[in-house]
Number of protein chains: 4
Amino acid sequence: MARVQVGIFGGSGYGGSELLRILLFHPGVDVAFVAANKWVGRRVDEAHPNLRGLTDLTFSGFESSLQIEHLDCLFLGLPHGRSMELVPGLPEDLKIIDLAGDFRLRDGRIFEKYYGKAHPSLDLQKEFVYGFTEINRKALVKTRRVANPGCFATAVLIGLYPLISHSLTRGRIVADAKTGSSGSGATAVPGTHHPVRSSSFCAYKSFSHQHLPEIVQTLREVTSSWDGPLILQTHSAPMVRGIFASIYCVLDRPTTAEQIGEVFEAAYDGSGFIRLVSSPNVAWVKNSNFADVGWAVDGRDLIVFVALDNLMKGAAGQAVQNMNLMFGWSEETGLRSPGGHP
Amino acid sequence: MARVQVGIFGGSGYGGSELLRILLFHPGVDVAFVAANKWVGRRVDEAHPNLRGLTDLTFSGFESSLQIEHLDCLFLGLPHGRSMELVPGLPEDLKIIDLAGDFRLRDGRIFEKYYGKAHPSLDLQKEFVYGFTEINRKALVKTRRVANPGCFATAVLIGLYPLISHSLTRGRIVADAKTGSSGSGATAVPGTHHPVRSSSFCAYKSFSHQHLPEIVQTLREVTSSWDGPLILQTHSAPMVRGIFASIYCVLDRPTTAEQIGEVFEAAYDGSGFIRLVSSPNVAWVKNSNFADVGWAVDGRDLIVFVALDNLMKGAAGQAVQNMNLMFGWSEETGLRSPGGHP
Amino acid sequence: MARVQVGIFGGSGYGGSELLRILLFHPGVDVAFVAANKWVGRRVDEAHPNLRGLTDLTFSGFESSLQIEHLDCLFLGLPHGRSMELVPGLPEDLKIIDLAGDFRLRDGRIFEKYYGKAHPSLDLQKEFVYGFTEINRKALVKTRRVANPGCFATAVLIGLYPLISHSLTRGRIVADAKTGSSGSGATAVPGTHHPVRSSSFCAYKSFSHQHLPEIVQTLREVTSSWDGPLILQTHSAPMVRGIFASIYCVLDRPTTAEQIGEVFEAAYDGSGFIRLVSSPNVAWVKNSNFADVGWAVDGRDLIVFVALDNLMKGAAGQAVQNMNLMFGWSEETGLRSPGGHP
Amino acid sequence: MARVQVGIFGGSGYGGSELLRILLFHPGVDVAFVAANKWVGRRVDEAHPNLRGLTDLTFSGFESSLQIEHLDCLFLGLPHGRSMELVPGLPEDLKIIDLAGDFRLRDGRIFEKYYGKAHPSLDLQKEFVYGFTEINRKALVKTRRVANPGCFATAVLIGLYPLISHSLTRGRIVADAKTGSSGSGATAVPGTHHPVRSSSFCAYKSFSHQHLPEIVQTLREVTSSWDGPLILQTHSAPMVRGIFASIYCVLDRPTTAEQIGEVFEAAYDGSGFIRLVSSPNVAWVKNSNFADVGWAVDGRDLIVFVALDNLMKGAAGQAVQNMNLMFGWSEETGLRSPGGHP
């Protein structure tokens, strides 16, 4: 396996932290640099003390990261809105995996509605493949640009893609999703203040979460006749890692759990990170790239449950899964490890 | 205020624990006895060490609790299935508040379906008033028998009652509810093993939770033309106390958040424990009898959020609220205290 | 009971939060105002949503709190260093209870060493009684000024006072103390960021915690011949509330657990908030003003364990206990309630 | 690297869980069988759902595990007291790593005092090397039998070994140690019931923890003149993983932090899993085999802090580290991975 040179922009956050946890041990990769403007010159293991003894890297700034010319692949782990400014200035042949939402949406008006600003480089969006690995492998193998999905979007799409691709549902779908505090990022804010968050459960961003349009766009590309509507409601749960999505559908006709199982098995045959189980639980996917899927049926009512780790399959793990495909490697390279029990 | 003599059957569990935390300080009440067969003869503060220094009570057994003849009110905090055996042998004029599910359902077949056994004393059920205080105050003032609602039922009914009573919804309603580990009771079981539960989020009892039929029965009594369907999905969250319910409805016509607010304000005017807020959070109701309600609207889509403490408004707190009405006291007596922040 | 007018400076923090949770329901008190400069004009229940429906107070600023002239008692819940600037300007006959460290230490050099600044009003310090209630009741009844102890100091003093007052120990004492995240205050900071704090256990302020000198000063006033040394090491534990102190002493001579028990019983006879138990646990004191004390002995080795709630007996609870004495009430007034189980 | 055949007795507990998480991905190892009498015939990933998709192993019983004749190495992850019955019947040339306490202590009377039963096969104890890797590498390379240290013992020894080996301390040493709930094992018991444990902090086994004598025995073998005494006090903290030990020593003479640092650097030079840091924190070692060590000095007072993961460096991780040495591999093989941040 030839070693490729990768860089990370935005390496001090949790996305960067998880990228490093994977990439420092990936057999095909050298981490050429990690950039984080607020940490320039400081050791990477100051921001990520779990990595002490495992790397001597120091943070560079974005400007000083001119090693880009010798780089094979760049991960962008920046806050929403930064990638769309940076990408136009990056080399055309550089492989780029953007973990932010900047290049996921094709429609500039929808982008502006959900992200609150105009998109300055929307023309570049069409070069990006949406990195929901399990449905876009063929395109991912060939692309130089990946828009990595949002964490909630990944969870909801894993649950809905098999159903929508077979047009099994009718009418309104409700996706009730819950996330841990790591989804809010590495910066201390009131919503992640330990004394309150430890006993908090609350809803946020009703009807307006920015992951909603990428789900809708993807499902419509799968089945153009699908017209939703999809209600996505996100919640803060008092845990650190994990997303749990409960997705409520009405089926076209009464169906058995076994029949639903066949649909999911067919859809995810060969997808080693999707595990079909009787009762998904965040406890069994945390710290891993696995997504566990289960379901319950009652006549025409179907509930699909998806559990995944928001920082792994919901961010850095899926990003590396996509990188593996872009470089022609097995998509499981560097990712085939479980989280702990307990 | 004349002091009345109350007893508790099943005082070693969390329902009993919270009843004691309230009743020992209630200005109208003497706790005459606390029965728990496995703890007979031991001090109550051995089971509930938070009460050390606040009571010298010891547990009696059910059989030895013959003080019943001098009792004014008996709380039954037993596992489902015990009350229906005990109640027929209790004095007719004794006020009884049953925290279990035994006397909530009017239909024996539905009881058997959800509780897995035949009901031996269903004829007595009609003497019981369903203790969802906010809609049944008039009946509660006059009754000697209360079937205290289930925790999930309380949360969902608080959210749905104003809407259903005005026939504002159309079609399927989805109630996605999450509970803390205290809902599983005081006995250590695998599902509440700290190493796993601390990072667990999972669903359970799809389409089959025993609180579903009491919600449906209550809403149908409110508006006989309402025919659901109602999907109730319960989840285990990695917190100790609290229920958070997200209730997804389709409205009859496009409505504003203000209009929904007027409906809730009218419904809960004079209900001191229901607080209408912008964003309910378990953190602000824990350890208290308050239920916080919020909502979001988008055209005809409405999501109602309810947060409450499963052991308080969802069990012992509402039970005492009902007792207060039964004895002619203000329903807030002994209950008007906040939980802590944080 | 005549109602007295109390005010709070610094009412938006956790000390203020707990003061309000107690004082709003205290039978002898009206809360005249709550001041917090950053919240002026906003409702108190915005900062403390647990209090919704229980108060209509709004925050005032310090300057606008000129109701001070009609005030009977002022609680100062400000960051260290503010009280010593404010107190000289306050009316002489106003009762003041300072929750900060400003007036605990008699020696200006020691104050400067531990608090990092010179004390501008040290001459006023001698008017303050150190508010470790259990040993200073007589002085508290008569004083107009109370320096309320630090949370760690309260825990360690509860464990050591009976031993030192009888000169039972010899040589070095080690106090290993652990606190929950609420001890860091209501402002989100990196050390209380939920994703990290949830799995954190670490030590801080070795040999330099500002609560050390107030413990030493108090014990020397109890027994002038006691000369320590005392090692105090504080730790951050991944819980919200509570302090647990393990205090390691060497006894003058081999002693039995029963003999130690007699010493503690005698010392805390009549002290309703000190409970002598076999194994203290933060779980049983959280949200309450109780401090649970236990011990283990092996020959001349003694370990004393103290569990208390850092915001209650370690701050606001003890402050109200002291206020009760200052106004001639039972010290338990408004405080005699348990925390919940669970 | 030749692949060796390993088996696990007691594979359903947390030690077994972590052994599998490491060994299934270890480049030199095939897991030949996993035995757990209560799970015979069931899939390993039923007990450890984190391993779904990563193994098809099923549990065997101890009796049916007669593959032992073709086995190279057997891990014993059984409750204390079982290994000492099993080992006499196992083949002489089989490499055995015992995670229980059965073969750690040389003195039968001390074993009986701390483990509450007589040792039936104490003569075999002398064949066992105590598996505190960092001091026993030479013996571990040559042995066929390893008594893997206890979790608390590992933490305390890491902190004390460099000091005692240079005779730097005088008199009494206090080790105050705190552990997460995973230390109590995989079976739900009252002490690990989530509703209570989530807010619990308490002490247990004062002066009587079974890890005390193995620490004392090891330190005396390091420096025969060392005579303690050592006080070990263990605590339950409301976290899942991790041990944090605070070790209080009195130094022979005033020493600087730098001088202590030199002692630790010399002692652990070449020990890749011991990291010397300014402030150890369980958060940075969880899920990894690293132990972080820090210290604070004030004149002759020294406090050493050690943080490690009780299931990794404190159990399964160190066991594999020892296996690596026994088979002539780098001790880091299969273990050089960080835990996550957060």
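Quick note: numbers below take in every heavy atom, side chains included, and nothing from hydrogens, waters or symmetry partners.
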Taking only heavy atoms into account, what residues of [range] are found under 4.5 Å from chain B?
| range | value |
| --- | --- |
| residues 334-342 of chain C | C/Arg336, C/Ser337, C/Pro338, C/Gly339, C/Gly340, C/His341, C/Pro342 |
| residues 43-51 of chain C | C/Ala47, C/His48, C/Pro49, C/Asn50, C/Leu51 |
| residues 271-290 of chain C | C/Arg275, C/Val277, C/Ser279, C/Trp284, C/Asn287, C/Phe290 |

Q. What parts of residues 306-313 of chain B touch chain C if we use heavy atoms and a cut-off under 4.5 Å?
A.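 Expected list: B/Leu311.
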
Q. Given the options C/Arg241, C/Arg21, C/Arg52, which has more heavy-atom pairs under 4.5 Å with chain B than any of the others?
A.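 Sorted descending by pairs with chain B, the first entry is C/Arg52.
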
